[in-house]
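Scroll down for the structure; my scribbles are underneath it.
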Amino acid sequence: GEGSGGGEGSGGGEAFDAVLLTANTLFCTPRHAELLERCAGALRPGGALLFDVYNARDWHDDALADERDGGGEGEEEEKGWD
């Protein structure tokens, strides 16, 4: 990120004008809340958190349905491009 000129973020370290998460980092990290908290802690007041995400609704809906129905363990369904 681009430094803000020596200020401190709420996490105690250097504060940044922006934090950028690329390549679906958010969804490739098992602890989403912790990642977002750490990013927020690195921002100066008014800073921007920028991230890209893919449209994973079908995968998430399937996972929720499997969890609700008690299935899904050991079952791998290959997803293709529609």
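Predicted model only: the values in this text are computed from it and were never measured. Excluded from the calculations below are hydrogen atoms, water molecules and symmetry mates; all remaining heavy atoms, backbone and side chain alike, are included.
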Practice problem: Find out whether Leu21 and Thr29 are in side-chain contact, i.e. whether some heavy atom of one side chain is under 4.5 Å from a heavy atom of the other. | Solution: no
Quiz item: Distance from Arg31 atom CZ to Glu37 atom CD, nearest 0.5 Å?
Solution: 11.0 Å
Exercise. Write down the atom of Cys39, the atom of Leu49, and the distance for their closest heavy-atom approach.
Key: CB-CD1, 3.9 Å
Practice problem: List the atom of Ala42, the atom of Val19, and the distance in Å for their closest heavy-atom pair. | Solution: CB-CG2, 4.3 Å
Quiz item: Rounded to the nearest 0.5 Å, how far does OG1 of Thr22 lie from CZ of Phe51?
Solution: 12.5 Å
Quiz prompt | Distance, nearest 0.5 Å, that separates CG of Asp69 from CG of Asp62 | solution = 10.5 Å
Quiz item: Where do Arg44 and Asp17 come nearest, in terms of heavy atoms and distance?
Solution: NE-OD1, 2.5 Å
Quiz item: Looking only at heavy atoms, what is the nearest atom pair of Cys28 and Ala23, with distance?
Solution: SG-O, 4.4 Å
